[in-house]
Amino acid sequence: MLAIAHIRAHRDKVIAALEKRAINATKQIDEAIAIDEERRATQVLLDQNLAEAKKVSAEIGALYKAGKHEEANAAKAKTGELKATNQELDAKLKQLERSLNDALSAIPNTPHSSVPAGKDSNDNEEVRRHGEAVANPQATPHWELTERFKLIDFETGVKITGAGFPIYTGKGAKLQRALIQFFLDQAEEAGYTEVIPPLMINADSGFGTGQLPDKDGQMYQATEDDLFLIPTAEVPITNMYRDMILDEASLPIKNVGYTPCFRREAGSYGKDVRGLNRLHQFDKVEIVQIEKPDRSYETIEHMVKYVEGLLQQLELPYRVLKLCGGDMGFTSALTYDLEIFSAGQERWLEVSSVSNFETYQSNRMKLRVKGADGKKYQAHTLNGSALALPRIVAGLLENNFDGERIVIPQALVPYTKFETIQA
RNA sequence: GGAGAGUUGGCAGAGUGGUCGAAUGCGGCGGUCUUGAAAACCGUUGACCUUUGCGGGUCCGGGGGUUCGAAUCCCUCACUCUCCGCCA
């Protein structure tokens, strides 16, 4: 979340920045500032009152030690009012702190100055494009190919679990595993440390990265144990650093993790969810980075370039979009989406989203860095998909289908150990 | 799932009602000594809120209670460990 001190100091700037998201946050911001003012005033009162009570207690202690029991008892009698006031102020302060936290949690991150204003995906800005976005003459969508070559069994997945939980079979399963291994190897080469995190997270972690309090409808929940299935590896990996003060010398932290991801995707329908386009369970390799504030914008460019490198090796045509304010996630300050062109469906498929959250997550997580001078500051967190598997698979199948067979890109052959998929 | 033990500063580990934010050791930082380093010695060393500053306040797993006063007593929750059960 945004720091209240920052909001207080830059009220107008914050409101102006949030307008890029096509929202007017004036009321929310002013309410937070008002709550904070009352909070601080209450804090001062409580502090004064506590100081007084502490003093009196010490005096009573001294009297008892000196054996002056009658005087001590007399002093005791006078403490009732102080105590009552303390309780009252304490309750009020806690209430205000809760309100402030709620108010701040409801304010999204302020977009970076380079983010275009806009309402939805129509206002996103295409930054660059690579490769030819040409339709396959066969124009065969991947759900036909996966059936024809027996790569994915959607039907049996429905029986076992439900729609959106496919079963990968034979070369389909091998392709999946090859891609994961390829992505992890690439990341390691680029300096990322691999982690295998838990697939379930608690509520504190959900709050830290911004899924909670109000995006819980997106996650599957194990209510008996108050745990959530991760919607992305971003959540457990970033939260590894929750409540920490990192040494500046340990930055940047670069982690990569492969995990299955679980998303309820309530409300999705139609061609968007056909085949591999949108699943409830899917595999993803995620890169997570923790950076010094003055380097994070340089870093996000590197991360995007890194992901582009993966797509180039897989020989997939893609474009890079800079998301407009209205299309960005709640917690992000800058997001690039990478989309590949799917030759069978003749549409762009999002395969990666790379974001800089600045201090939005680190504020929530209390993730700080201790500088060389001993001063502490909030770290910047970033992450990106590198890459999400299903749509990559869809693209590979559709784009490399020559009417007879599917040709595996050269970079992947050492991993699949086969060069083609055919009947 | 059953029984028991525990949770204190970066770490280890004292502390059972009144200058305890907390002994001591290790680690870290600064210094003395040394050509340099080590050793030794001396000093220093937590986080947070509030305040322009001085200062004040909070924090001994979380929450609640008893008390003039709680790291210390009571309740409750979470977590960790040990043993038993179950189990890949």
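In what follows, chains are A, B, ... by sequence order, proteins preceding strands, each numbered from 1. Quick caveat, the model's predicted, so the values are computed rather than measured.
Taking the charged nitrogens against the carboxylate oxygens, A:Arg40 and A:Asp36 do have a contact shorter than 4.0 Å, which makes a salt bridge.
In the model, A:His280 has a side-chain atom that pairs as donor or acceptor with a side-chain atom of A:Tyr220 under 3.5 Å. Using modelled atom types, one finds no donor on one side chain facing an acceptor on the other under 3.5 Å when comparing A:Asn109 with A:Glu358. No hydrogens or angles considered: nothing links the side chains of A:Lys150 and A:Thr169 as a donor-acceptor pair under 3.5 Å. Residues A:Gln211 and A:Gln218 have side chains that never bring a donor and an acceptor to within less than 3.5 angstrom of each other. No hydrogens or angles considered: a donor-acceptor pair under 3.5 Å links the side chains of A:Ser353 and A:Asp337. With no hydrogens or angles considered, no side-chain donor-acceptor pair links A:His380 and A:Glu291 at under 3.5 Å.
Using N1 to N3 plus N6-O4 or O6-N4 for Watson-Crick, or N1-O2 and O6-N3 for G-U wobble, each under 3.5 Å, B:rU72 pairs with nothing. B:rC26 is paired with B:rG10 under the criterion used here, namely a Watson-Crick or G-U wobble arrangement in which both key atom distances are under 3.5 Å. Base-pair partner of B:rU32: B:rA40 (Watson-Crick or G-U wobble, both distances under 3.5 Å). Pairing for B:rC83 goes to B:rG2, judged as Watson-Crick or G-U wobble with the two contacts each under 3.5 Å.
Distance CZ (A:Arg8) to P (B:rC49): 11 Å, rounded to an integer number of Å. Between A:Gln43 atom CD and B:rG55 atom P there is a gap of 18 Å when expressed in whole angstrom units. Rounded to whole angstrom, the span from the CD atom of A:Glu97 across to the P atom of B:rG63 amounts to 11 Å. Rounded to whole Å, the distance from CG on A:Asp243 to P on B:rG62 is 12 Å. Look at CD1 on A:Ile60: it is 8 Å from P on B:rC68, rounded to the nearest Å. The CG-C1' distance, from A:Asp204 to B:rC79, rounds to 13 Å in whole Å. Rounded to whole Å, the distance from NZ on A:Lys92 to P on B:rC49 is 21 Å. We find that CG of A:Asn86 is positioned 14 Å from P of B:rC68, with the value rounded to whole Å.
Using P as the reference atom, B:rG57 and B:rA3 are 45 Å apart when rounded to the nearest Å. To the nearest whole angstrom, the two C1' atoms, one in B:rG21 and one in B:rC59, are 9 Å apart. Using P as the reference atom, B:rC41 and B:rC26 are 9 Å apart when rounded to the nearest Å. Nucleotides B:rG46 and B:rC11 have their C1' atoms positioned 13 Å apart, rounded to a whole Å. Remark: the separation of the C1' atoms in B:rU80 and B:rU8 is 15 Å, to the nearest Å. Of the C1' atoms belonging to B:rG62 and B:rG69, the separation is 23 Å, rounded to the nearest Å. Nucleotides B:rA23 and B:rG13 place their C1' atoms 10 Å apart, quoted to the nearest Å. Across the P atoms, B:rA70 and B:rU19 are found 11 Å apart, a figure rounded to whole Å.
Residue A:Lys376 places at least one side-chain N or O under 4.0 Å from the OP1 or OP2 atom of B:rA47. Phosphate proximity of B:rU19 to A:Lys54: absent, as no side-chain N or O sits under 4.0 Å from OP1 or OP2. Close to B:rU50, at under 4.0 Å from its OP1 or OP2, lies a side-chain N or O of A:Arg39.
In the set B:rU67, B:rG56, B:rA47, the nucleotide with an atom closest to the side chain of A:Lys83 is B:rU67. Among the nucleotides B:rC48, B:rG57, B:rU51, the one closest to the side chain of A:Arg40 is B:rU51. Side chain of A:Ala51, nearest nucleotide from B:rA47, B:rC49, B:rG56: B:rG56. Here the nucleotide nearest the side chain of A:Ser57, chosen from B:rG69, B:rC48, B:rU58, is B:rG69. Residue A:Lys94 has its side chain nearest to B:rG64 when only B:rG64, B:rG18, B:rG56 are considered. Checked against B:rC68, B:rA47, B:rU50, the side chain of A:Lys76 finds its nearest nucleotide in B:rC68.
Contact of A:Asp47 with B:rG56 (side chain to base): a donor-acceptor pair of N or O atoms is detected under 3.5 Å.
Comparing A:Thr79 and A:Asp36 by the nucleotide of RNA chain B whose heavy atom lies nearest to each, the residue mapping closer to the 5' end is A:Asp36. Each of A:Gln48 and A:Ala62 was assigned the nucleotide of RNA chain B with the nearest heavy atom; the assignment lying further toward the 5' end belongs to A:Ala62.
A:Leu50 comes within 4.0 angstrom of the backbone, heavy atoms only, and of no base. If you check every strand for non-hydrogen atoms under 4.0 Å, A:Val56 touches nothing.
By the 4.5 Å heavy-atom criterion applied to side chains, A:Leu229 and A:Met200 are counted as neighbours.
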